[in-house]
Amino acid sequence: MEAVITILALLFVAFVALGAYVTVKAVRAAKRGVERTVTQARRTVEDTTLRAKSYGQGGVAAELAQLRLKLRTSMRATQDALHAGVAEDASLSESIALFERLSAHGHELDDELKRLEREPDKSTVASRLPDLRERTERITHSAESLRWAARDRAQRFANDDLDMLSSQIDMEAGALRHWSEPAADAASGQTSPERTEPGKSWSTADGGTARPGAETAAEAGAADGGAAQQPQAITARDPHQQTYPWEKTTRPETTN
């Protein structure tokens, strides 16, 4: 009885632990989903604000907004392309590591541009714009190089797979079209034997191939016909068996 109680207690503890583990995992997953949603919403709001500033304002503020928008758009597109391709191509993991290092420089530049937007001294900001443009161009160029290299690699793999598939389909189609050649060979093998023995017919009366029994019957018929066509010897009639029309036929004797 004590063993049964112990087993039930252990099962209860196991179920409680399992329920706690599942609850923690569900809470963490929900938290990550909420954080992802909040981050995407924040990015959308910031991008919309930057577009409004770049088109609605002028001067240094508009140029800073354009640099930030260009940097963020390029980095996000490269990140999405690399993370989408690494699931199918494991060699992109090194590219992702390089992109993470590039992202550190991108975040640093984005934070600096964001601080300069609130800078009241616009003349100082304007003097630093050439250096900011150059840094933005270098970072976006590196990000675009990684992005397009990953896309070209994926496209090349897709083209190679398509070429191999096309070759296999052509081979299969050619194999399917070979049905006429074996049929022709079979027909020629039936109607054109390499050697025929004398006295054997090639085919029956209806055009089919002669069977051994049919050949034997044909040979027997040919022998009978040959014997019937040969001329017979002329023999004289027996004079005792010769009858004349005026002679009466003998009647059989009857007994009364």
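Distance check, rounded to the nearest 0.5 Å: NZ of Lys114 to CG of Asp111 gives 7.0 Å. Between Glu172 atom CD and Arg177 atom CZ the span is 11.0 Å, to the nearest 0.5 Å. Note: Glu117 CD to Glu63 CD = 12.0 Å, rounded to the nearest 0.5 Å. Atoms CD1 and CG, from Ile5 and Leu10 in turn, are 12.0 Å apart once rounded to the nearest 0.5 Å. To the nearest 0.5 Å, atom CG of residue Leu69 and atom OG1 of residue Thr136 are 11.5 Å apart. How far CZ of Arg76 is from CG of Asp80: 8.0 Å, rounded to the nearest 0.5 Å.
A 4.5 Å side-chain heavy-atom check between Arg68 and Asp110 finds at least one atom pair inside the cut-off. Residues Arg135 and Glu112 have side chains in contact (heavy-atom distance under 4.5 Å, counting atoms from C-beta outward). Using a 4.5 Å heavy-atom threshold, the side chains of Arg153 and Ser91 count as touching. At a threshold of 4.5 Å between non-hydrogen side-chain atoms, the residues Asp160 and Met164 do not count as touching. In this structure the side chain of Glu137 never reaches within 4.5 angstrom of the side chain of Glu134, judged on heavy atoms.
No donor-acceptor distance shorter than 3.5 angstrom exists from the side chain of Asp161 to the backbone of Phe157, with no hydrogens or angles considered. Within the 3.5 Å criterion, the main-chain N or O of Lys70 finds no donor-acceptor partner in the side chain of Thr73. Listed for the Thr140 side chain is no donor-acceptor partner under 3.5 Å among the backbone atoms of Ser74.
For Arg138, the CZ atom sits in a loose shell: 12 or fewer heavy atoms of surrounding residues, nucleotides or ligands are nearer than 6.0 Å. With a 6.0 Å radius and a threshold of 12 heavy atoms from other residues, nucleotides or ligands, Lys122 has its NZ atom above the threshold. More than 12 heavy atoms of other residues, nucleotides or ligands lie within 6.0 Å of NE2 in His83, so this atom counts as buried by the packing criterion.
Residue Ala81 comes nearest to Arg151 through the heavy atom pair CB-NE, 4.3 Å, listed as atom of the first residue, atom of the second, then distance.
Grouped by direct or indirect side-chain proximity (heavy atoms under 4.5 Å, Ile/Leu/Val/Met/Phe/Trp/Tyr only), Val60 sits with Leu64, Leu67, Leu71, Met75, Leu82, Val86, Leu92, Ile96, Phe99, Leu102, Leu109, Leu113, Leu116, Val125, Leu129, Leu132, Ile139, Leu146.
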